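All of these numbers come straight from a predicted model, not from anything done at the bench. These values consider heavy atoms only, across backbone and side chains, with no hydrogens, waters or symmetry-generated copies.
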Amino acid sequence: MREGYEGTGPGAITPDGCAVELYSRLPLGEEPDIIAAAVPRGAHILELGSGVGRMTHALLERGFTVMAVDESPEMLERVRGARTICGPIEELDLGEKFDVVLLASFLVHAGDAEIRRGLLRTCVRHLAEGGSVLIQREGEDYHTNVPRERVDPSGFTLRIVSAEPVGDGVNSVRAEYEFPDAVWTHTFRARPLTEEQFEEALRETGLRVDEYLTDDGIWVRAVPAA
């Protein structure tokens, strides 16, 4: 388990505290439609942090080719229809390029700034000429509107219980997922980034914002700065 990360509940838990069974249950929102509208039809996508393939499978259904990368073999066992690579994202070097690199799940907010730089360098390293990186950011009040909860129409309750500072601008966040038959918790470290800090993080790894794809600024298309 990575330092500062923890997960509880039934089934396998990944090194960053994510529960495989939980992610197999979570519904998918509008993310695949946002991605499909922002990239060329039939694009070759490198999905970093694919998990069990919730997004992978939806993108495959829309006609994209996807390579799914995750550090958890238990997660990747549930991915169907895509090539898979198991290993840490920040160390990935496949020796091939992709039309689109996808960095979702708020990975850009990694508590360790050097890991964040490694993630973004991996994006740049695998980007084909003319390609783009799609990044999912945290919402503006993610760390301040706590505690909060949301009852999902599918029947579970998500609670962000706390976001406590642990130093160097990093918070320890605790989330709870309550289903009728099971409860999972996830504790992880995240670094809040203002829009200015986010854009600076891109610049230091050779990227720049091309467009904020959603009104809330959560989904972003980035391209090489040069």
Side-chain angles (χ1 to χ4, degrees), residues 1-29 31 47-56 68-79 84-92 102-120 122 135-139 141-152 154-193 201 218:
M1 193 67 60
R2 295 191 179 197
E3 183 180 356
Y5 293 75
E6 182 183 5
T8 66
I13 305 293
T14 68
D16 60 355
C18 294
V20 176
E21 293 297 329
L22 167 63
Y23 277 84
S24 296
R25 293 188 183 200
L26 291 179
L28 191 59
E31 292 92 341
E47 184 186 4
L48 302 176
S50 66
V52 296
R54 292 183 307 138
M55 195 106 71
T56 316
V69 178
D70 202 276
E71 67 177 348
S72 166
E74 294 91 350
M75 289 281 196
L76 289 176
E77 284 176 1
R78 308 200 178 203
V79 175
T84 60
I85 296 289
C86 186
I89 297 168
E90 60 270 25
E91 300 173 7
L92 189 70
L102 181 59
L103 189 67
S105 302
F106 313 134
L107 291 176
V108 74
H109 292 273
D112 186 328
E114 192 51 43
I115 288 181
R116 181 194 68 219
R117 294 183 187 105
L119 297 174
L120 291 172
T122 292
I135 301 171
Q136 185 182 25
R137 303 170 59 221
E138 293 174 342
D141 63 349
Y142 188 87
H143 292 261
T144 55
N145 179 24
V146 288
R148 66 181 182 274
E149 75 172 39
R150 176 178 63 84
V151 178
D152 191 87
S154 65
F156 73 94
T157 299
L158 165 61
R159 300 183 184 92
I160 303 299
V161 179
S162 58
E164 300 293 337
V166 293
D168 190 33
V170 177
N171 289 338
S172 175
V173 181
R174 178 179 172 85
E176 295 180 355
Y177 300 80
E178 182 177 342
F179 286 74
D181 62 339
V183 176
W184 285 272
T185 72
H186 186 199
T187 301
F188 57 95
R189 292 188 176 178
R191 182 182 298 272
L193 298 172
I218 288 178

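- Within a 6.0 Å radius of CD in Glu3, other residues, nucleotides and ligands contribute 12 heavy atoms or fewer.
- In this structure, the side chain of Arg148 engages the main chain of Tyr142 through a donor-acceptor pair within 3.5 Å.
- In this structure, CD in Glu90 is found 13.0 Å from CZ in Arg117, a value given to the nearest 0.5 Å.
- Between the side chain of Glu6 and the main chain of Gly17, no donor-acceptor pair closer than 3.5 Å is present.
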Can you give each donor-acceptor pair under 3.5 Å made by side-chain atoms of residues 164-177, sequence neighbours left out, with the distance rounded to 0.1 Å?
| unit_1 | atom_1 | unit_2 | atom_2 | d |
| --- | --- | --- | --- | --- |
| Asp168 | OD2 | Arg191 | NH2 | 3.2 |
| Asn171 | ND2 | His143 | ND1 | 3.0 |

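- Of all heavy-atom pairs spanning Glu74 and Ala12, the tightest one is CG-CB, 3.9 Å.
- Interatomic distance, Ile160 CD1 to Arg150 CZ, rounded to the nearest 0.5 Å: 9.5 Å.
- Ring geometry for Phe188 against His186 counts as tilted: the plane angle lies between 30° and 60°, on a 0 to 90° scale.
- Nearest approach of Leu76 to Ser50, heavy atoms of both residues: CD2-OG, 3.6 Å.
- At a threshold of 4.5 Å between non-hydrogen side-chain atoms, the residues Leu103 and Leu120 count as touching.
- Here Leu119 contributes atom CG and Ile135 contributes atom CD1; the two are 10.0 Å apart, rounded to the nearest 0.5 Å.
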Between Arg78 and Glu21, does a salt bridge (charged side-chain N to carboxylate O under 4.0 Å, His left out) hold up when you go through it step by step?
CA-CA 10 Å; Arg78 308 200 178 203; Glu21 293 297 329; 2.5 Å; yes
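- A distance of 8.0 Å separates OG in Ser105 from CD in Glu47, rounded to the nearest 0.5 Å.
- At least one side-chain heavy atom of Leu92 sits less than 4.5 Å from a side-chain heavy atom of Leu48.
- No hydrogens or angles considered: a donor-acceptor pair under 3.5 Å links the side chains of Ser154 and Asp152.
- Residues Arg54 and Leu28 come closest through the heavy atom pair O-CD2, 3.3 Å.
- For the pair Glu31 (side chain) and Gly29 (backbone), a donor-acceptor distance under 3.5 Å is present.
- Annotation: the span from Tyr5 atom OH to Thr14 atom OG1 amounts to 10.5 Å, rounded to 0.5 Å.
- Going from atom SG of Cys18 over to atom CD of Glu71 covers 9.0 Å, rounded to the nearest 0.5 Å.
- Pro10 and Val183 make their closest contact through CD-O, 3.9 Å (heavy atoms, listed as atom of the first residue, atom of the second, distance).
- Ring pair Phe156/Phe179 is parallel by interplanar angle, where below 30° counts as parallel and above 60° as perpendicular.
- The ring pair (Phe, Tyr, Trp, His ring centres under 6.0 Å) analysis of residues 6-26, with sequence neighbours excluded, yields no pairs.
- Closest approach of Val79 to Gly51, counting heavy atoms only: CG2-O, 3.6 Å.
- Between Arg25 and Asp181 the shortest heavy-atom distance is NH1-OD1, 2.8 Å.
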